[in-house]
Amino acid sequence: MSFLKQYLAVRAMTTSICSDLEKEDYVVQPIVDVSPPKWHLGHTTWFFETFILGPFFTGYQVYNPEFNYVFNSYYETIGARVIRTDRGNLSRPTVDEVYRYRAYVDEAMSHFLSREPEEDHLKELILLGLNHEQQHQELLWYDIKYILGHNPLFPPYRRESIEYGFSAAGSKTADVEEGIYEIGYKGSDFCFDNELNAHKVYIQAVSLSAELVTNAEYEEFVDQGGYRDFNFWHAEGWDWVRDNHICAPLYWHLIDGAWYRYGLSGLNRLKPEEPVCHVSFYEAAAFAQWKGRRLPTEFEWEVAADQLKWGQLWEWTESAYLPYPGFSKAPGAIGEYNGKFMVNQKVLRGASVATSASHSRKTYRNFFHPHLRWMFSGIRLVK
């Protein structure tokens, strides 16, 4: 598929995700980790304008020079920016103006991509931009759900959504024999730099559970006082539970003695057979401790992946987010993409129902701080 077709398809998917939103939904930022949908629309557009059109499209005129300050996310190399906590204060530019910005950049990119690029470094930048927007599509799902799920009316996003058909079932236990295995991306297609370089690791014999932990299993942990017993928790996790009055996974609500869960289709009774979702690393580790088990390492997970049914929820691992041997950051702003976040975070493996299909590969390394849980995250245990 040509770059132009890929570009238009990716951009159309982003606007499709936002198509059922009301104008008021576009500007809400309930917490620091949630960005308003309007900001995602602008930031992904700014990426193409800043890294592709500005440097490589002769005669291109920036849509609005002030947008660099508004839509730069974390690129210190690019200059000053609105701090993350203030993205919800951006009543201007308006939603309509951001869509005009997208249309302006899309027209320029369509002209630019009418000739297939030949330079390898430019091809790499375009691919990075496409994959970057696909990452923000997944974040849009997270953020839209958080925005609507914290509205006291619990409005549905769509009656049938990406969450339809959740299942915890797996086909078999994944057994990994003791030995030396190669980890990391080894293909010729696109991957993120944190998947490189391929390297060998030693793994002891281990068995991963065939199923993700279900709501029924996790409800038992809740009902038996799992959130009230410090013995199951890391010290930081126990502080997090007490300081934030955590008593159940995100979006769980106890109503008249029964558990309900907010999903993109609205507030409904908790389905015991579905995999538990929206748990933090602290909760995943505490549940594993309660069960007398543990979470897999990211290396165990990758080796076992071909034997597992995965892809509905990101799965927490015990592994810290660290660089692989031989990892090096690219020069300039692009080098800020992954490398500078390799501290104080945990790796999640697999994919989720919100993940772009092209990102569903067993070497993909997602990463979040241990307390976060607004993403589609679940639990698989080591037996």
What's the shortest heavy-atom distance between [X] and [Y], and which atoms?
X	Y	answer
S352	F376	CB-CB, 3.7 Å
A320	E298	O-OE2, 4.2 Å
M342	L322	SD-C, 4.0 Å
A285	L295	N-CD1, 4.1 Å
W141	L264	CE3-CD1, 3.9 Å
C247	V222	O-CG1, 3.7 Å

Could you state the interatomic distance from [atom1] ([X]) to [atom2] ([Y]), rounded to the nearest 0.5 Å?
X	Y	atom1	atom2	value
Q137	I17	CD	CD1	4.5 Å
Y218	W290	OH	CH2	10.0 Å
N268	S265	CG	OG	5.0 Å
M375	T355	CE	OG1	12.0 Å
E119	K123	CD	NZ	8.5 Å
E49	Q61	CD	CD	10.5 Å

S35/R87 under side-chain hydrogen bond (donor to acceptor under 3.5 Å, both in side chains): CA gap, chis, key distance, verdict
CA-CA 7 Å; S35 293; R87 292 174 184 171; 2.8 Å; yes
Should the ring pair Y60 and Y104 be called parallel, tilted or perpendicular, given that the plane angle runs from 0 to 90° and is split at 30 and 60?
tilted
Can you confirm whether [X] is buried at [atom1], in the sense that more than 12 heavy atoms of other residues, nucleotides or ligands lie under 6.0 Å from that atom?
X	atom1	value
K186	NZ	yes
Q224	CD	yes
K200	NZ	no

Modelled atom types, side-chain donor and acceptor of [X] and [Y], under 3.5 Å:
X	Y	answer
T45	R11	yes
N344	H369	no
S280	E283	yes
E315	W301	yes
H359	Q134	yes
N72	W46	no

When clusters are formed by joining ILVMFWY residues with side-chain heavy atoms under 4.5 Å apart, either directly or through shared neighbours, do [X] and [Y] land in the same one?
X	Y	value
Y202	I183	no
L196	V347	no
Y185	F327	no
V32	Y74	no
L148	Y164	no

What I'd like to find out is whether the side chain of [X] reaches to under 4.5 Å of the side chain of [Y], using heavy atoms alone.
X	Y	answer
W316	S377	yes
I83	D86	yes
F47	I52	no
V206	R294	yes
W314	R349	no
R261	H253	no
L250	R373	yes
T363	E302	yes

Closer than 3.5 angstrom, by distance alone: can the side chain of [X] be matched with the main-chain N or O of [Y] as a donor-acceptor pair?
X	Y	result
N197	G326	yes
N244	W240	yes
K291	L381	no
Q307	A174	no
D143	L140	no
K346	E318	yes
E116	F3	yes
E138	Q135	no
W310	A305	yes

Between [X] and [Y], is the ring centre distance below 6.0 Å?
X	Y	value
W233	Y227	yes
F48	Y7	yes
F232	F287	no
F192	Y364	yes
F154	Y251	no
Y142	Y146	no
H234	F281	yes

May I ask you to establish whether K145 and Y157 are in a cation-pi arrangement, using a distance under 6.0 Å from NZ or CZ to the six-membered ring centre and at most 45° from the ring axis?
no
Between Y63 and R100, is there a cation-pi geometry (under 6.0 Å to ring centre, at most 45° from the normal)?
no
Only one of [options] clears side chain to side chain contact (heavy atoms under 4.5 Å, CB included) with [X]; which?
X	options	value
V98	F71, F67, W39	F71
V105	L53, V62, T44	L53
F166	V353, T214, N215	V353

side-chain hydrogen bond (donor to acceptor under 3.5 Å, both in side chains) between R380 and T317: does it pass, once the steps are laid out?
CA-CA 9 Å; R380 188 186 305 276; T317 75; over 6 Å; no
Could you tell me whether E195 and R361 make a salt bridge, using a distance below 4.0 angstrom between a side-chain N and a carboxylate O?
yes
Going by an N to O cut-off under 4.0 Å, is there a salt bridge joining D193 and K329?
no
Chi angles and distances behind the side chain to side chain contact (heavy atoms under 4.5 Å, CB included) call for E133, T14:
CA-CA 8 Å; E133 180 140 351; T14 304; 2.7 Å; yes
